[in-house]
Amino acid sequence: MPNSTCSVDACERQVIARSWCETHYRRWQRTGSLETTRFVTRYCSVADCENIAEKRGWCPAHYRRWRTTGDLRPDVPLRKVNVPVIDGHKQCSSCGSLTPVAEFAEHNVCRPCKGKRQASWATQNPDYWPTWQRANPDKLSATAHRRRAQKLGRDSEQVDRSLVFERDGFTCQLCNLPILMAEKFPHPFSPSLDHIIPLNKGGHHLYSNIQAAHFVCNSAKGDRLT
């Protein structure tokens, strides 16, 4: 069949499959017909949406919403709408109640509604946070240190543990022996961060007040200055 031409009238292209050329074969694959069809713009099937449809008859925004939530929620706008503030109150987009502006946790959602939403999500995903904490001990420790410093009224910044260990040459600044970076807590020689001046003695959670240390050396020092 190498010298055969397409069976469609007035088409002289070479056949690739089903006695049709590549153009007609691809057209048949896409539309199920060999007839020439003009492109027709289709719009999203969700009510009052004027965006062009791309998948399943929905625009990209509604398609992503369906993939994420399993629900199109046509009554909820795709973009956040600025709710007017009246006498220091505005309407919660979730429960519809008039709430003081200071009680809003998000753009248009009050704190009680956000709390209910988070509680519902936690109930449906009970293993998420324990799994995340086991997989990210460094991030968990950094957050705990920073939160403790803030509670004590100390200055704090986001500290990257890897930068501290690299700065100190992966050496314990209390005993001057190498830190076993591959070991995990509670191994005695596992890596830990020590506050040179402890937080409860007036120290701050800043790079200048943090040094690399073995877990056992850090524990032995406690809240002493040396």
Side-chain angles (χ1 to χ4, degrees), residues 64-65 67-69 79-80 82 90 92-94 99-226:
R64 285 194 299 271
R65 174 177 290 179
R67 286 290 302 271
T68 304
T69 66
R79 296 177 178 85
K80 293 179 179 178
N82 290 325
K90 64 179 183 178
C92 174
S93 61
S94 181
T99 308
V101 175
E103 296 298 323
F104 275 78
E106 296 179 356
H107 186 68
N108 288 329
V109 179
C110 64
R111 294 184 188 280
C113 289
K114 183 178 180 181
K116 292 178 182 178
R117 184 183 301 173
Q118 290 177 334
S120 175
W121 184 90
T123 301
Q124 297 173 6
N125 302 272
D127 297 329
Y128 177 83
W129 285 116
T131 303
W132 184 91
Q133 290 171 351
R134 288 193 296 270
N136 300 274
D138 292 348
K139 292 182 179 180
L140 189 65
S141 176
T143 301
H145 277 124
R146 191 175 183 184
R147 184 174 299 169
R148 181 165 171 258
Q150 291 173 344
K151 286 184 177 181
L152 292 172
R154 311 292 186 236
D155 294 337
S156 64
E157 62 183 341
Q158 190 69 36
V159 175
D160 188 332
R161 289 167 57 94
S162 60
L163 294 180
V164 176
F165 294 123
E166 184 176 356
R167 181 199 66 188
D168 293 344
F170 305 99
T171 302
C172 176
Q173 300 302 297
L174 298 175
C175 69
N176 295 320
L177 294 177
I179 298 175
L180 305 181
M181 298 300 296
E183 298 296 340
K184 302 296 182 182
F185 172 85
H187 190 282
F189 299 106
S190 62
S192 70
L193 297 182
D194 170 57
H195 290 96
I196 300 173
I197 301 177
L199 296 179
N200 59 2
K201 295 294 180 63
H204 303 286
H205 187 64
L206 305 173
Y207 279 105
S208 58
N209 190 48
I210 293 176
Q211 61 185 358
H214 292 128
F215 166 66
V216 65
C217 297
N218 194 353
S219 299
K221 177 188 172 185
D223 61 354
R224 297 193 302 273
L225 294 178
T226 57

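By the 30° and 60° cut-offs, the orientation of the rings of Trp132 relative to Trp129 is perpendicular.
Of all the heavy atoms in Arg224 and Ala220, the pair that sits closest is NH2-O, 2.8 Å. Taking both residues in full, the closest heavy atoms of Cys113 and Val109 are given as CB-CG1, 3.8 Å, listed atom of the first, atom of the second, then distance. A pairwise comparison of heavy atoms in Asp160 and Ser162 identifies OD1-OG, 2.6 Å as the closest pair. Smallest separation of non-hydrogen atoms from Pro191 and Arg161: O-NH2, 3.4 Å.
Separating the CG atom in Leu199 from the CG atom in Leu152 is a distance of 6.0 Å, to the nearest 0.5 Å. Atom NE2 of His145 sits about 14.5 Å away from atom CZ of Arg154, to the nearest 0.5 Å. With rounding to the nearest 0.5 angstrom, the OG1 atom of Thr123 is 11.5 Å from the CD atom of Gln118. Atom SG of Cys217 sits about 11.0 Å away from atom CD of Gln173, to the nearest 0.5 Å. One finds the SG atom of Cys172 at 12.5 Å from the CZ atom of Phe215 (value rounded to the nearest 0.5 Å). One distance of note links CD of Gln150 with CG of Asp155; it measures 10.5 Å at 0.5 Å rounding.
Surrounding CZ of Arg147 are at most 12 heavy atoms belonging to other residues, nucleotides or ligands under 6.0 Å away. With a 6.0 Å radius and a threshold of 12 heavy atoms from other residues, nucleotides or ligands, Glu157 has its CD atom above the threshold.
The side-chain hydrogen bond (donor to acceptor under 3.5 Å, both in side chains) check on Arg146 picks up Gln158, with sequence neighbours excluded. In this structure, Phe165 has no ring-ring contact (aromatic ring centres under 6.0 Å, His included) partners at least two apart in sequence or on a different chain.
Counting heavy atoms from C-beta on, the side chains of Thr131 and Arg134 come closer than 4.5 Å.
Sorted by first then second residue, the side chain to side chain donor-acceptor pair (under 3.5 Å) pairs that include residues 201-221, not counting sequence neighbours, are Ser192-Asn218, Asp194-Gln211, Asp194-Lys221, His195-His205.
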